[in-house]
Visitor: 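The following block contains the structure, expressed as structure tokens.
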Amino acid sequence: MRRYSKHTDEDDIRSRPNRKGNRPRTNIRPKHEEAVEGMVLTVDRGRLTCLVEDRVVMAMKARELGRKAAVVGDRVAIVGDLSGEKDTLARIVRIEPRSSVLRRTADDDDPFERVVVANADQLAIVTALADPEPRPRLIDRCLVAAFDGGLSPLLVLTKSDLAPPDKILELYGDLDIPYVVTSRAELENGEAAERVHAELDGKITAFVGHSGVGKTTLVNALVPQERRRLTGVVNAVTGRGRHTTTSALALPLAGTDGWVVDTPGVRSFGLAHVDPSRVIHAFPDLESGTEGCPRACSHDEPDCALDQWVAEGHADPARLYSLRRLLSTRERKEGD
């Protein structure tokens, strides 16, 4: 048996012939300079519906991207058949840098984050004032995710005919968040869509909310024709019908250059991906009060300066309660 030393001469080594006759593997990847930019509208079982100029094109992710996944809102470089005709399939070869990312986890114990939408300008948090009862803790969590991901929040309060919005608006008044209040009748006759439409002009807005708050009804009123058109494209690919809100879907807003991203209803909004030290950024009415806190303050200890800040009337005690509820949830996760 032949043995080789550390300094074996390369000329002395025999190499196996390539039986397949194809080119050897290389780490050099093509630049795809001819690729065309598109926007991901929805993702369904490995197939991505993209908008390329004025055409809806079906595409798949190139193997060279590895595990890097494209999500709704991503700007991507596409090659291949870009005609958008039936039974054609293009290839996504590059995902452009993102300006913002909305992430969530299933809960605070889930180590796997899910990117909901990329490059959105705004997060519309839809909540009912009654039936079902409003959930301020869920709103707070959505605000944390919005600020952490670089999105501006928008409150959309529905079913004002069942309960007044005063309590919720007072709770978030110090945050100076834009809001729209609607009733069930306004959702049905289109008046709600008109008022919300004014807040969406020229922006990419992701809608989030739990089941029963009227989110999908509102989105359908904003973009009825586009939803039907894109739903048909998605169903043609999968070969079966499905409710589009089981996955995020980007829809162009009629009459403007804005976009609406409808997302699946959520039961919880985990923040395992958010560094606890950044949670305070979602509470700007409290953030100024942390200047007197001791170093590495958890904001839930006897020497925390926020207690004095709230006692002096600079912020609502309910806001401090919301902050500490979030932080205590994160602390329980870290201690497990």
Side-chain angles (χ1 to χ4, degrees), residues 35-96 98 100-106 110 112-120 123-124 126 149 204-211 215-220 222-253 259-267 269:
V36 177
E37 183 178 292
M39 175 183 173
V40 178
L41 302 181
T42 192
V43 181
D44 186 18
R45 298 179 180 89
R47 294 293 186 264
L48 297 95
T49 305
C50 305
L51 183 68
V52 179
E53 296 177 350
D54 59 347
R55 302 183 304 280
V56 176
V57 175
M58 300 308 304
M60 64 181 294
K61 187 186 70 171
R63 182 180 296 179
E64 62 201 67
L65 290 178
R67 294 187 177 183
K68 188 175 183 181
V71 300
V72 173
D74 264 326
R75 298 289 178 178
V76 294
I78 310 176
V79 299
D81 192 333
L82 304 179
S83 65
E85 296 180 358
K86 184 179 179 181
D87 298 326
T88 61
L89 189 64
R91 189 160 52 100
I92 294 175
V93 295
R94 187 170 59 252
I95 301 173
E96 304 297 347
R98 296 163 173 168
S100 67
V101 180
L102 178 65
R103 300 182 176 93
R104 64 178 289 261
T105 56
D110 187 356
F112 302 104
E113 67 180 47
R114 296 157 178 80
V115 179
V116 181
V117 60
N119 300 318
L123 179 64
V126 185
I204 299 177
T205 305
F207 279 69
V208 66
H210 58 89
S211 300
K215 175 181 65 68
T216 300
T217 302
L218 179 58
V219 171
N220 286 342
L222 288 165
V223 284
Q225 296 180 351
E226 292 297 335
R227 172 178 284 281
R228 285 194 295 268
R229 182 172 71 89
L230 289 175
T231 300
V233 173
V234 173
N235 288 345
V237 174
T238 62
R240 58 187 294 186
R242 67 178 291 178
H243 195 277
T244 54
T245 50
T246 58
S247 58
L249 176 65
L251 301 159
L253 191 61
W259 285 82
V260 171
V261 181
D262 190 14
T263 66
V266 296
R267 295 181 179 178
F269 208 105

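For this chain, numbers begin at 1 and follow the sequence in order. Heavy atoms only: backbone and side chains are in, while hydrogens, waters and symmetry mates are out.
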Visitor: Answer whether the closest heavy-atom distance between the side chains of R75 and M39 falls below 4.5 Å.
Guide: yes

Visitor: Keeping the roles fixed (side chain from D262, backbone from L249), state whether a donor-acceptor pair exists under 3.5 Å.
Guide: no

Visitor: Of all heavy-atom pairs between G73 and N119, which one has the smallest distance, and what is that distance?
Guide: O-ND2, 2.9 Å

Visitor: Compare all side-chain heavy atoms of W259 with those of L41 and state whether any distance is below 4.5 angstrom.
Guide: yes

Visitor: Kindly say whether A248 contributes a backbone atom to a donor-acceptor pair with the side chain of T263 at under 3.5 angstrom?
Guide: no

Visitor: Determine yes or no for a side-chain-to-main-chain donor-acceptor pair under 3.5 angstrom, with T42 supplying the side chain and T49 the backbone.
Guide: no

Visitor: Which atom names give the shortest non-hydrogen contact between R98 and A70, and what distance separates them?
Guide: NH2-CA, 4.4 Å

Visitor: Is the closest side-chain heavy-atom distance between M60 and R47 below 4.5 Å?
Guide: yes

Visitor: Which value, rounded to the nearest 0.5 Å, describes the distance between M58 atom CE and R55 atom CZ?
Guide: 14.5 Å

Visitor: Could you grab the distance from atom CD1 of I78 to atom CZ of R94, nearest 0.5 Å is fine?
Guide: 11.0 Å

Visitor: Test side-chain contact (heavy atoms from CB on, under 4.5 Å) on C50 and I92 and set out the steps.
Guide: CA-CA 10 Å; C50 305; I92 294 175; 4.0 Å; yes

Visitor: For a quick test of reading the model, state the closest non-hydrogen atom pair linking V57 to A90 and the distance between them.
Guide: CG1-CB, 3.9 Å

Visitor: With rounding to the nearest 0.5 angstrom, report the CG to CG distance, L89 to L48.
Guide: 9.5 Å

Visitor: Where is the tightest heavy-atom contact between V116 and R104, given as atom of each residue plus distance?
Guide: CG2-CG, 3.6 Å

Visitor: Might you work through the side-chain contact (heavy atoms from CB on, under 4.5 Å) test for D74 and V71, ending with a clear yes or no?
Guide: CA-CA 6 Å; D74 264 326; V71 300; 3.4 Å; yes

Visitor: Indicate the atoms forming the closest heavy-atom contact of V93 with A35, along with that distance.
Guide: CG2-CB, 4.2 Å

Visitor: Looking at K61 and G66, would you say the former's side chain and the latter's main chain have a donor-acceptor pair under 3.5 Å?
Guide: yes

Visitor: Kindly indicate whether the side chain of V36, heavy atoms from C-beta on, has any atom under 4.5 Å from the side chain of L82.
Guide: yes

